[in-house]
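We count ligands from 1, going down the list as the structure has it; atoms in each ligand are counted the same way.
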Amino acid sequence: MPKCGESETRDAIGAASDAWGAWRAKTAAERGSLIAGLAGLMRRDTDRLAELMTLEQGKPLAEARGEIAYALSFLDWSAEEAKRVYGDVVPASAPDKRILALRQPVGVTAIITPWNFPSAMITRKLGPALAAGCTAVVKPAEDTPLSAIAIGELAVEAGFPPGVINIVTGDPRAIGGAMLDDERVRKISFTGSTPVGRLLMEQASKHLLRLSLELGGHAPFIVFEDADMDRAVESAVACKFRNAGQTCICANRFYVHESVHDRFVERFGAAMEGLKVGNGMGEGVNIGPLINDAGIEKVEEHVADAVSKGAKVVRGGRRASVEGCVDRFFQPTLITGMTPDMRVATDETFGPVAPVAAFSSEEEVVRLANDSEYGLAAYFFTDNASRVMRVSETLEYGIVGVNDGGPSTAQAPFGGVKHSGLGREGGKYAMDEYTELKYVSWRL
Ligand code: NAP
């Protein structure tokens with residue numbers, strides 16, 4: 001991969017800036033058709049793209065295929081939504097006046113994405129940005145540049161004009177610094193950790209850039225006494241162990257009502273028996289390696305910290321060795337006796353570790369769930385309809401899964417509150433992030 005820095009980033013911004021005028025002048029249908037074309041090519045090449053993703057990122061092949069389908073769904077949706085970027089004609093206060101509110105593209109957009117969803121985090125931004133009439137400079141994570149370049153190659157094949165989509169790989173500080181220091185960039189859309197998001201927000205103040213920040217999370221997963229236990233266990237497995245626990249909306253801490261705690265732990269542990277750790281290219285593998293050494297060391301530290309503070313490891317708790325592969329696999333791990341002072345209860349673990357605590361009342365568990373600097377996703381399981389509304393409204397999270405451990409979908413507004421970020425991605429809501437509202441006051 002090329003190691004780009006400041007000068008290559010400036011060149012890419014120049015190309016995006018030069019291409020912007022012609023791109024925004026295209027009709028929405030023309031832009032939509034190119035975006036749909038890219039989605040079609042990704043669909044055609046799903047197997048190849050998924051294999052590439054598994055080889056560079058490690059997630060099991062079936063999950064990689066799922067991610068390509070998820071990634072292209074943002075392009076499909078945005079291709080259609082391009083035609084619905086409406087403005088308003090507002091009733092005026094004088095008979096000889098007309099008030100128009102026009103939606104216009106913000107301009108050159110800088111996109112910075114993480115390694116855990118190497119394709120979908122790009123298309124979730126690129127789709128609405130392009131649909132709105134923006135051009136883009138994309139900086140993928142250093143751990144997963146190949147999936148990004150593959151999308152770029154398909155964009156060329158789809159017929160996107162030069163300069164509309166640019167990809168720069170390399171040094172994050174140099175590239176990010178150049179993006180934020182350049183007046184031609186009007187918007188930055190970032191998905192990644194909260195510390196880097198905070199840094200970018202500070203740097204964005206120089207040119208008062210518009211910001212979308214999709215940051216870290218620390219999702220509580222609550223099982224009430226009246227929950228459907230089968231559904232809760234099945235969702236816990238999917239929500240915790242997808243991508244080896246390396247997702248921003250992964251369940252990070254489990255709170256289970258004391259009357260069903262032991263039953264849940266037993267059933268959850270039994271379900272984990274069926275998870276196969278291994279090379280993501282292997283048949284039937286559910287859990288691949290963690291992304292890098294720092295990633296697995298953090299998981300080990302979280303488990304050791306929990307044990308030192310009195311937690312009990314019910315299953316797993318150690319690295320797993322996989323023949324012929326790097327030493328970066330971790331056993332699916334179940335821990336009981338989680339307390340609020342443990343790191344697993346406050347920091348993103350980003351690994352296949354499920355810590356559980358018992359609770360006794362709704363009020364107590366909502367307080368525990370909200371006692372976090374993060375506010376991305378939260379889950380709860382209950383069959384009580386009044387509780388569904390009450391708890392959904394009280395949880396301080398951008399996304400709430402009710403009896404549902406997999407809420408992500410292209411048409412829904414995805415995003416967090418508190419230290420989990422700013423703005424929403426997905427569906428019609430995403431278009432607001434890439435458009436400015438211009439007010440035209442017209443005296444006849
Ligand atoms: P990260 O370290 O913040 O990196 C994210 C991106 O920012 C990467 O492309 C990284 O480049 C780049 N970067 C790092 N330092 C930078 C700087 N000083 N200036 C400009 N760019 C910089 O996060 P990560 O470890 O890759 O991803 C995991 C995090 O992302 C977790 O916290 C997770 O919760 C969050 N996440 C959030 C969402 C969401 O939708 N809310 C979705 C997925 C992930 P390099 O890779 O080259 O260092």
Side-chain angles (χ1 to χ4, degrees), residues 1-6 9 56-57 59 67 70-71 74 110-125 137-148 167-182 185 188-204 209 211-219 242-252 290-296 298 347-351 372-377 397-399 407-410 412-426 430 433:
M1 281 291 108
K3 186 174 184 208
C4 301
E6 196 181 322
T9 307
E56 77 166 341
Q57 201 270 355
K59 67 176 67 180
E67 181 180 338
Y70 181 52
F74 288 103
I111 292 176
I112 303 181
T113 53
W115 48 263
N116 62 345
F117 289 91
S119 292
M121 294 305 97
I122 294 177
T123 54
R124 194 164 78 175
K125 299 175 183 308
V137 180
V138 181
K139 192 214 90 64
E142 278 170 295
D143 281 319
T144 55
L146 297 170
S147 294
I167 300 172
V168 280
T169 55
D171 181 0
R173 272 166 214 84
I175 296 171
M179 285 171 158
L180 290 153
D181 195 38
D182 195 315
V185 173
I188 178 143
S189 182
F190 171 76
T191 295
S193 62
T194 298
V196 175
R198 204 175 276 126
L199 180 77
L200 296 177
M201 193 169 185
E202 276 168 30
Q203 293 175 343
L209 281 192
L211 278 167
S212 297
L213 299 175
E214 297 289 347
L215 308 178
H218 199 271
R242 183 179 299 122
N243 204 6
Q246 304 169 110
T247 92
C248 54
I249 60 166
C250 260
N252 214 115
L290 296 181
I291 189 70
N292 50 35
D293 290 337
I296 194 159
K298 182 181 185 192
D347 302 354
E348 273 189 302
T349 305
F350 246 51
S372 169
E373 65 179 25
Y374 295 111
L376 188 56
Y397 286 82
I399 302 164
S408 303
T409 179
F414 188 105
V417 299
K418 303 202 298 195
H419 290 204
S420 290
L422 298 171
R424 293 293 178 270
E425 298 191 317
E433 305 282 324

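- When only non-hydrogen protein atoms are considered, atom 41 (N) of ligand 1 lies nearest to Leu215 O, 2.8 Å.
- In this structure, Glu348 has no side-chain hydrogen bond (donor to acceptor under 3.5 Å, both in side chains) partners at least two apart in sequence or on a different chain.
- Between Gly217 and Ser420, the shortest heavy-atom distance links the atoms CA-OG, 4.0 Å.
- For Gly197, the heavy-atom gap to ligand 1 stays at 4.0 angstrom or more.
- Protein heavy atom at the shortest distance from atom 19 (N) of ligand 1 is Pro172 O, 3.5 Å.
- Taking every heavy atom of Pro114 and a limit of under 4.0 angstrom, the matching atoms of ligand 1 come to 26 (O), 27 (O), 43 (C), 44 (C).
- Atom NE2 of His419 is separated from atom OG of Ser193 by 13.5 Å, given to the nearest 0.5 angstrom.
- To the nearest 0.5 angstrom, Lys139 atom NZ is 12.0 Å from Ile167 atom CD1.
- By the 3.5 Å distance cut-off applied to N or O atoms, Thr113 is counted among the residues near ligand 1.
- Residue Leu200 has at least one heavy-atom neighbour below 4.0 Å for each of these atoms of ligand 1: 19 (N), 20 (C).
- Every atom of ligand 1 is numbered from 1 in the order shown, and the set under 4.0 Å from a heavy atom of Gly216 is 32 (O), 34 (O).
- Near Val196, meaning under 4.0 Å from any of its heavy atoms, are these atoms of ligand 1: 3 (O), 13 (N), 14 (C), 15 (N), 16 (C), 22 (C).
- Applying the 4.0 Å criterion to heavy atoms of Pro140 picks out, from ligand 1, the atoms 9 (O).
- Checked by distance only, ligand 1 and Asn116 stay at 3.5 Å or farther apart across all their nitrogen or oxygen atoms.
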Apply the test side chain to side chain contact (heavy atoms under 4.5 Å, CB included) to residues Lys298 and Leu290: give CA-CA distance (whole Å), side-chain angles for both, the deciding distance (0.1 Å), then the verdict.
-> CA-CA 10 Å; Lys298 182 181 185 192; Leu290 296 181; over 6 Å; no

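- Nearest heavy-atom pair across His218 and Asn252 is NE2-ND2, 3.4 Å.
- At least one protein heavy atom sits closer than 4.0 Å to atom 25 (O) of ligand 1.
- The distance from ligand 1 to the heavy atoms of Met121 drops below 4.0 Å at these ligand atoms: 42 (C).
- Contact atoms of ligand 1 toward Arg124: 39 (C), 40 (O) (distance under 4.0 Å to a heavy atom of the residue).
- Here OG1 of Thr9 is found 4.5 Å from CD1 of Ile175. Values are rounded to the nearest 0.5 Å.
- Protein heavy atom closest to atom 3 (O) of ligand 1, with residue, atom name and distance, is Ser193 OG, 2.6 Å.
- Contacts of Leu146 classified as side chain to side chain contact (heavy atoms under 4.5 Å, CB included), with partners at least two apart in sequence or in another chain: Met1, Leu52, Glu56.
- Nearest to atom 28 (C) of ligand 1 among the protein's heavy atoms is Phe350 CE2, 3.8 Å.
- For the pair Phe414 and ligand 1, the shortest N or O to N or O distance does not fall below 3.5 Å.
- In this structure, CG in Asn243 is found 11.0 Å from CD1 in Ile249, a value given to the nearest 0.5 Å.
- Residue contacts with ligand 1: Trp115 is placed with a nitrogen or oxygen under 3.5 Å of a nitrogen or oxygen of the ligand (distance criterion only).
- In terms of protein heavy atoms, atom 18 (N) of ligand 1 is closest to Leu199 CD2, 3.4 Å.
- Of all heavy-atom pairs between Thr123 and Ala71, the closest is OG1-O, 2.9 Å.
- Of all the atoms in ligand 1, the ones that sit under 4.0 Å from a non-hydrogen atom of Thr191 are 5 (C), 36 (N), 37 (C), 38 (C), 39 (C), 40 (O), 42 (C), 43 (C), 44 (C).
- Residue nearest to atom 11 (O) of ligand 1, selected from Gln246, Glu425, Arg173, Lys139: Lys139 (by heavy-atom distance).
- Of the protein's non-hydrogen atoms, the one nearest atom 38 (C) of ligand 1 is Cys248 SG, 3.0 Å.
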Quick one: do Ile112 and Leu200 satisfy side chain to side chain contact (heavy atoms under 4.5 Å, CB included)? Show the steps, please.
-> CA-CA 10 Å; Ile112 303 181; Leu200 296 177; 4.2 Å; yes

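- For atom 34 (O) of ligand 1, the nearest non-hydrogen atom of the protein is Glu348 OE2, 2.6 Å.
- Relative ring orientation between Phe117 and Tyr70 is described as perpendicular, the plane-to-plane angle rising above 60° on a 0-90° scale split at 30° and 60°.
- The backbone N or O of Ser119 lies less than 3.5 Å from no partner atom in the side chain of Arg124, so there is not a single donor-acceptor pair.
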In sequence, state the C-alpha distance, the side-chain angles, and the governing distance for Lys125 and Thr191, and then conclude on side-chain hydrogen bond (donor to acceptor under 3.5 Å, both in side chains).
-> CA-CA 9 Å; Lys125 299 175 183 308; Thr191 295; 2.8 Å; yes

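- Closest approach of Cys248 and Leu215 over heavy atoms only: CB-O, 4.2 Å.
- Ligand 1 has no N or O atom lying under 3.5 Å from any N or O atom of Asp143, backbone or side chain.
- Protein heavy atom closest to atom 35 (C) of ligand 1, with residue, atom name and distance, is Gly192 O, 3.2 Å.
- For atom 48 (O) of ligand 1, the nearest non-hydrogen atom from the set Met179, His218, Glu214, Glu142 comes from Glu142.
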